[in-house]
Protein chains: 2
Amino acid sequence: MTTDSCSRQHDVYDASCPCRQLLDLLANKWSALALGALEDGPRRFGALRDRLDGVSPKVLTATLRRLEEQGLIDRTVYPSVPLHVEYQLTALGRDACAPLAALRQWAVANIDRFPALTGAA
Amino acid sequence: MTTDSCSRQHDVYDASCPCRQLLDLLANKWSALALGALEDGPRRFGALRDRLDGVSPKVLTATLRRLEEQGLIDRTVYPSVPLHVEYQLTALGRDACAPLAALRQWAVANIDRFPALTGAA
DNA sequence: GATCTTAGTTCCCTTTGGGTACTACGATGG
DNA sequence: CCATCGTAGTACCCAAAGGGAACTAAGATC
């Protein structure tokens, strides 16, 4: 496996290949954080908004809807009095977490090698 | 200058932590594709534009500049007559390729599990 | 001197991102 | 009875980023 392109017909480097769209969905700050935030079990909208520090409700909603559309997460509504909505990973979403977790962890582990970001000269 | 409020305890879930900015840089379609396109050696601007099917020169320039600023790639200008510019990974960029390659490969390997993207019902 | 090539830049428009305010719902409580 | 609370969003508006097409520069080549 010297290349990352599928030996059959799929290739992220082909703009018209659906896996390009998939990459666009996953290679996204909020997607990566949202899926990671669900790794430890279901979470509610408010909990996600708090965990994904800095996300606006609008963008969080859009992100979650996109992930739900693609079957990476499930959205469950409990019509209790203060409305209660739970998001959780599907099997597919759990699988997708592995490479995203690796990316997040790489960022944390290597941030010191980025002087321009850490403020050092 | 220093927006780092999470000194030493780095966390991508903290909006003010520099590694959040790093995640934003890496968790991006064009960054992931551009770095991957350089894995096999230096490439010229035109070669990258061709390889990253669908990218506009403006966005490619912006992407490469950002990666260069952060020290992930080097830009070398050969002032020959039809101008010649080569981009190549730095050691840091090569290291960053691993998690990004995993993400690209996951997208290719699992695209069939996304009926909404592949057009299947 | 017209044209080719390379590596962009410029213009303009659309899409996305983002902040703040607001809604619906009924329970709670004064 | 009306005010307030908490949850999960939506509505509105503006700024930033994405994206397409055309254009630029510089010298070589025809």
Side-chain angles (χ1 to χ4, degrees), chain A residues 12-17 20-35 37-38 42-70 73-88, chain B residues 3 12-17 20-35 37-38 41-70 73-88:
Chain A
V12 285
Y13 283 96
D14 178 352
S16 61
C17 180
R20 167 70 74 89
Q21 291 167 251
L22 177 54
L23 181 67
D24 204 14
L25 174 68
L26 296 176
N28 169 281
K29 177 178 54 171
W30 297 127
S31 293
L33 290 171
L35 290 173
L38 293 170
R43 275 187 191 248
R44 298 170 59 169
F45 184 86
L48 288 171
R49 190 186 42 206
D50 293 345
R51 180 89 177 110
L52 273 63
D53 187 29
V55 73
S56 71
K58 177 188 151 185
V59 172
L60 180 56
T61 301
T63 300
L64 294 171
R65 291 279 189 280
R66 242 178 293 139
L67 295 174
E68 189 196 0
E69 265 175 42
Q70 299 307 326
I73 62 177
D74 278 333
R75 177 174 177 270
T76 310
V77 180
Y78 300 95
S80 57
V81 178
L83 189 60
H84 182 114
V85 176
E86 247 180 30
Y87 293 91
Q88 62 184 317
Chain B
T3 49
V12 284
Y13 284 97
D14 179 351
S16 62
C17 181
R20 167 70 74 89
Q21 290 167 252
L22 177 55
L23 181 66
D24 203 14
L25 174 68
L26 296 177
N28 168 282
K29 178 179 53 172
W30 296 127
S31 293
L33 291 172
L35 290 174
L38 293 171
R43 275 187 191 248
R44 300 170 59 168
F45 184 86
L48 288 171
R49 190 185 44 205
D50 293 344
R51 180 86 176 114
L52 274 61
D53 187 30
V55 72
S56 70
K58 176 188 151 181
V59 172
L60 180 56
T61 300
T63 300
L64 294 172
R65 290 282 188 278
R66 244 179 292 140
L67 295 174
E68 190 195 359
E69 264 175 41
Q70 299 308 324
I73 61 176
D74 277 333
R75 176 173 178 270
T76 309
V77 180
Y78 299 95
S80 57
V81 177
L83 190 59
H84 182 114
V85 177
E86 247 179 30
Y87 293 91
Q88 62 184 318

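Below, chains carry the letters A, B, ... as their sequence lines are ordered, and counting in each starts from 1. Bear in mind the structure is a predicted one, so any value in this text is a computation, not a measurement.
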*Can you name the residues that form a side chain to side chain donor-acceptor pair (under 3.5 Å) with Arg51(A), not counting sequence neighbours?*
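None.
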
*For Arg44(A), all residues meeting side chain to side chain donor-acceptor pair (under 3.5 Å), sequence neighbours excluded*: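 In terms of side chain to side chain donor-acceptor pair (under 3.5 Å), with neighbours along the sequence ignored, Arg44(A) is linked to His84(A).
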
Length of the [atom1]-[atom2] vector between [X] and [N], whole Å:
{"X": "Leu64(B)", "N": "dG8(C)", "atom1": "CG", "atom2": "P", "result": "8 Å"}
{"X": "Lys29(A)", "N": "dT16(C)", "atom1": "NZ", "atom2": "P", "result": "16 Å"}
{"X": "Arg75(B)", "N": "dT6(C)", "atom1": "CZ", "atom2": "P", "result": "16 Å"}
{"X": "Leu25(A)", "N": "dT16(C)", "atom1": "CG", "atom2": "P", "result": "13 Å"}
{"X": "Leu33(A)", "N": "dG17(C)", "atom1": "CG", "atom2": "P", "result": "13 Å"}

_If you define the side chain from C-beta out and look only at heavy atoms, does anything of Leu38(A) sit under 4.5 Å from Leu48(A)?_
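SC-SC contact between Leu38(A) and Leu48(A) confirmed.
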
*Measure the shortest side-chain to side-chain distance between Leu52(B) and Tyr13(A) over non-hydrogen atoms and say whether it is less than 4.5 angstrom.*
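Contact flag for Leu52(B)/Tyr13(A) side chains = yes.
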
Restricting to side chain to side chain contact (heavy atoms under 4.5 Å, CB included), what partner residues turn up for [X], sequence neighbours left out?
{"X": "Ala32(B)", "answer": "Leu100(B)"}
{"X": "Asp14(A)", "answer": "Asp11(A), Ser16(A), Cys17(A), Asp53(B)"}
{"X": "Gln88(B)", "answer": "Pro42(B), Asp74(B), Thr76(B)"}

*Going 5' to 3' on DNA chain D, which nucleotide is the first and which the last to come under 4.0 Å of a heavy atom in chain A?*
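The contact span of chain A on DNA chain D goes from dT7(D) to dC13(D).
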
*Starting from the 5' end of DNA chain D, give me the residue, Glu86(A) or Asp24(A), whose nearest nucleotide shows up first.*
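Between the two, 5'-proximity favours Glu86(A).
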
*Short question: side chain of Arg43(B), backbone of Ala37(B) - any donor-acceptor pair under 3.5 Å?*
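Checked: pair present.
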
*Report the C-alpha distance between Leu33(A) and Leu23(B) in whole Å, list the side-chain angles of each, state the deciding distance to 0.1 Å, and finish with yes or no for side-chain contact (heavy atoms from CB on, under 4.5 Å).*
CA-CA 9 Å; Leu33(A) 290 171; Leu23(B) 181 66; 3.7 Å; yes

Side chains of residues 58-67 of chain A: which donor-acceptor pairs under 3.5 Å do they make with residues two or more places apart or in other chains?
residue: Thr61(A); atom: OG1; partner: Pro57(A); partner atom: O; Å: 2.8
residue: Thr63(A); atom: OG1; partner: Val59(A); partner atom: O; Å: 2.8

*Over its full length, what angle do the end axes of the helix from dG1(C)-dC30(D) to dG30(C)-dC1(D) make, each axis taken from five pairs and the result rounded to 10 degrees?*
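Result, rounded to 10 degrees: 30°.
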
*Sorted by first residue and then second, give each salt bridge (charged side-chain N to carboxylate O under 4.0 Å, His left out) pair with at least one member in residues 22-33 of chain A; sequence neighbours left out.*
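Only Asp24(A)-Lys29(B), Lys29(A)-Asp24(B) qualify under salt bridge (charged side-chain N to carboxylate O under 4.0 Å, His left out).
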
*Give one of base, sugar-phosphate or nothing for Tyr87(B), where a contact means two heavy atoms less than 4.0 Å apart.*
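Since only primed, P, OP1 and OP2 atoms lie under 4.0 Å of Tyr87(B), the category is sugar-phosphate.
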
*asked:* Both Val85(B) and Trp30(A) contact DNA chain C. Taking the nearest nucleotide for each, which residue is further toward the 5' end?
replied: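 Nearest-nucleotide comparison on DNA chain C picks Val85(B).
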
Under 3.5 Å, which N/O atoms of the protein pair with N/O atoms of nucleotides 20-29 of chain C?
none

_Shortest non-hydrogen contact between Gln70(A) and Leu25(A), atoms and distance_ =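 Minimum heavy-atom contact is CG-CD2, 3.6 Å.
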
_Straight-line distance of Phe45(B) CZ to Glu86(B) CD, nearest 0.5 Å_ =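 One gets 14.5 Å once the value is rounded to the nearest 0.5 Å.
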
*For DNA chain D, determine which residues of residues 43-55 of chain A have any heavy atom closer than 4.0 angstrom to one of its atoms, and list them numerically.*
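DNA chain D contact set from residues 43-55 of chain A: Arg44(A), Phe45(A), Gly46(A).
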
